[in-house]
Amino acid sequence: GENVEQHPSTLSVQEGDSAVIKCTYSDSASNYFPWYKQELGKRPQLIIDIRSNVGEKKDQRIAVTLNKTAKHFSLHITETQPEDSAVYFCAADDSNYQLIWGAGTKLIIKP
Amino acid sequence: SQTIHQWPATLVQPVGSPLSLECTVEGTSNPNLYWYRQAAGRGLQLLFYSVGIGQISSEVPQNLSASRPQDRQFILSSKKLLLSDSGFYLCAWSEVGLNTEAFFGQGTRLTVV
């Protein structure tokens, strides 16, 4: 079955710098790769997603890249701001269209 | 538009007591429904998912159970809570089919004392 690994588990960056979170997956049939942001004590919410027919997608300061050959995808946040501090989860769909989740990355933005 | 309701938001229960968390979805039909647990500072652990009324798949064997008595209602239960059941429980739904977003409820913070 699908397995998703996410790195790093914690990432600390200076405000204004960029942050990159990486995920790898095992099932080459996966087609959908969302990223969720979870602020402290709140529910995870989708911030961006990418499908297998696209290599990159951008939405303002966030972007996701997908390398299907290498089976990895990454979240890029530029010009980080304090409100970007949160836990970020990647996921990939399996053959039953269920989402398999990464373990999460705690992003800390230092002022 | 679709909405998901999960309650209660917080719950403190003694060891050995029963548990019932409820989740309902509005504005959609035949959704996939999920229960996740999140320990403090940890990732999302899928507990149960359901693709239809009365259809429950369990991902992790434990003293919890789930039921789907109606199309848009998903209930997480336990007959006797353990200390290790403490955590943040999240209900979620998605549309049937591929490549679809999961929408989460507000979560229930359960503390077993």
Side-chain angles (χ1 to χ4, degrees), chain A residues 1-11 21 23 25 27 29-54 57 59 64 66 73 85-108, chain B residues 1-11 21 23 25 30-52 55-60 66 86-111:
Chain A
E2 176 68 284
N3 181 51
V4 177
E5 294 191 358
Q6 182 173 348
H7 301 280
S9 58
T10 305
L11 178 61
I21 304 170
C23 287
Y25 61 99
D27 188 348
S30 292
N31 288 300
Y32 179 60
F33 308 92
W35 285 91
Y36 282 75
K37 175 183 180 182
Q38 185 179 26
E39 297 178 358
L40 189 62
K42 297 188 177 179
R43 74 187 87 184
Q45 291 190 296
L46 180 74
I47 54 171
I48 195 167
D49 56 14
I50 192 167
R51 302 178 194 278
S52 59
N53 58 343
V54 176
K57 184 176 178 181
D59 182 3
V64 57
L66 172 65
F73 56 111
S85 293
V87 177
Y88 292 81
F89 293 97
C90 66
D93 65 333
D94 68 6
S95 56
N96 293 317
Y97 311 132
Q98 307 297 332
L99 289 178
I100 308 300
W101 298 87
T105 296
K106 184 176 182 179
L107 177 62
I108 300 167
Chain B
S1 63
Q2 301 92 351
T3 56
I4 179 169
H5 303 280
Q6 181 184 344
W7 67 93
T10 60
L11 190 60
L21 302 181
C23 174
V25 181
N30 195 30
N32 291 332
L33 296 171
Y34 309 86
W35 277 111
Y36 289 90
R37 178 168 61 198
Q38 191 174 28
R42 304 291 291 276
L44 297 164
Q45 179 187 33
L46 180 63
L47 301 175
F48 302 95
Y49 72 91
S50 171
V51 298
Q55 300 179 60
I56 309 293
S57 296
S58 174
E59 293 294 303
V60 183
S86 293
F88 191 49
Y89 289 82
L90 288 155
C91 179
W93 75 273
S94 67
E95 290 184 352
V96 174
L98 58 105
N99 304 168
T100 59
E101 176 182 354
F103 299 88
F104 287 87
Q106 66 170 358
T108 297
R109 185 157 304 282
L110 172 66
T111 304

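First the proteins, then the strands, lettered A, B, ... as listed; each starts at 1. Since the model is a prediction, treat every value here as computed from it, not as a measurement.
- In this structure, the separation between CD on B/Q6 and CZ on A/R43 is 8.5 Å, given to the nearest 0.5 Å.
- Between chain A and the options B/G107, B/A102, B/G43, the largest number of non-hydrogen pairs under 4.5 Å is found for B/A102.
- With a 4.5 angstrom heavy-atom cutoff, B/L90 touches chain A only via side-chain atoms.
- For B/Q45, no part lies near chain A; criterion is any non-hydrogen pair under 4.5 Å.
- Scanning for salt bridge (Lys or Arg N to Asp or Glu O under 4.0 Å) contacts around A/E39 gives A/K37, A/K42, with sequence neighbours left out.
- Applying the ring pair (Phe, Tyr, Trp, His ring centres under 6.0 Å) test to B/F104 and every residue at least two apart in sequence or in another chain returns A/Y36, A/W101, B/Y36.
- With a 4.5 Å cut-off on non-hydrogen atoms, A/Q45 does not touch chain B at all.
- For chain B, the nearby parts of A/P44 are the backbone and the side chain; heavy atoms of each come within less than 4.5 Å.
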